[in-house]
Amino acid sequence: MSMPVRRTGNEGAMERRRGWARSPLAEFDDLLNQMGGLLESTVGGGLPGMGLVAWTPSADVSESDEGYHLQIELPGVSRNEVDVEVSGQELAVSGEIRERERKGVVRRSTRRTGHFEYRMRLPGEVNTEGVKASMSEGVLSIDIPKAETTKPRHIEITEAGESGGG
């Protein structure tokens, strides 16, 4: 009579650990990049009749009593390639990052290229005439002052008899 052989299961675990020598998140990132490349090559970078699909750059938005301050990351983009528009409470930043001409074979490319667009509806009324934008080291900074009616104002309280109304 033969005895059954007992396996501990550790052999498979060792193989899996060796296979995951890289970070699992890096594997997931590679998969997403490959899927995105496949989609772009299949669709052609945009939907028919819709023009090119724009991507959204990373941004930080802060608010103070005076207004709103935005910082948008646009590495490698010159200020001449960016358009900033404010209409009412709507802010729109758009432009394009062109593909650089390269020599040789590109083995991997993860930099974003093509049209980009950042849109935001500001929570309060703004002074569109006072908007200022500047670009430094790949970061677009936009200062949008609040309209005078939305800024906090201190109201002094007077006695009822002082206002002349009785």
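The side-chain heavy atoms of Tyr68 and Pro145, taken from C-beta on, include no pair separated by under 4.5 Å. The shortest side-chain heavy-atom distance between Val61 and Met120 falls under the 4.5 Å cut-off. Looking at heavy atoms from C-beta onward, Asp60 lies out of side-chain contact with Leu70 at the 4.5 angstrom threshold. Looking at Phe116 and Ile97, their side chains come closer than 4.5 Å, going by heavy atoms from C-beta outward. In this structure the side chain of Val86 reaches within 4.5 angstrom of the side chain of Val126, judged on heavy atoms.
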Any chance you could lay out the side-chain contact (heavy atoms from CB on, under 4.5 Å) test for Ser94 and His115, step after step, and finish with the verdict? CA-CA 7 Å; Ser94 60; His115 291 280; over 6 Å; no
Step by step, work out the side-chain contact (heavy atoms from CB on, under 4.5 Å) result for Val93 and Ile142. CA-CA 10 Å; Val93 178; Ile142 305 172; 3.7 Å; yes
Passes side-chain contact (heavy atoms from CB on, under 4.5 Å), Leu140 versus Val84? Steps please. CA-CA 10 Å; Leu140 173 65; Val84 179; 4.1 Å; yes
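A side-chain donor-acceptor contact under 3.5 Å links Lys146 to the backbone of Ser64. At distances below 3.5 Å, not a single donor-acceptor pair connects side-chain atoms of Glu73 with backbone N or O atoms of Ser58. Glu81 contributes a side-chain N or O that, together with a main-chain N or O of Ser78, makes up a donor-acceptor pair within less than 3.5 Å.
Rounding to the nearest 0.5 Å gives a distance of 11.5 Å between CD of Gln71 and CG of Leu74. To the nearest 0.5 angstrom, Glu99 atom CD is 4.5 Å from Thr113 atom OG1. Taken from CD in Gln89 to CD1 in Ile144, the straight-line distance is 11.0 Å, to the nearest 0.5 Å. The line from OG1 of Thr56 to CD1 of Ile72 is 10.0 Å long, rounded to the nearest 0.5 Å. For the atom pair OG (Ser141) and CE (Met135), the distance works out to 9.5 Å, reported to the nearest 0.5 Å.
Salt bridge present: Glu117 and Arg119 bring a charged side-chain N and a carboxylate O closer than 4.0 Å.
Val139 and Tyr118 fall into different hydrophobic clusters, where Ile, Leu, Val, Met, Phe, Trp and Tyr are joined by side-chain heavy atoms under 4.5 Å apart, directly or via other members.
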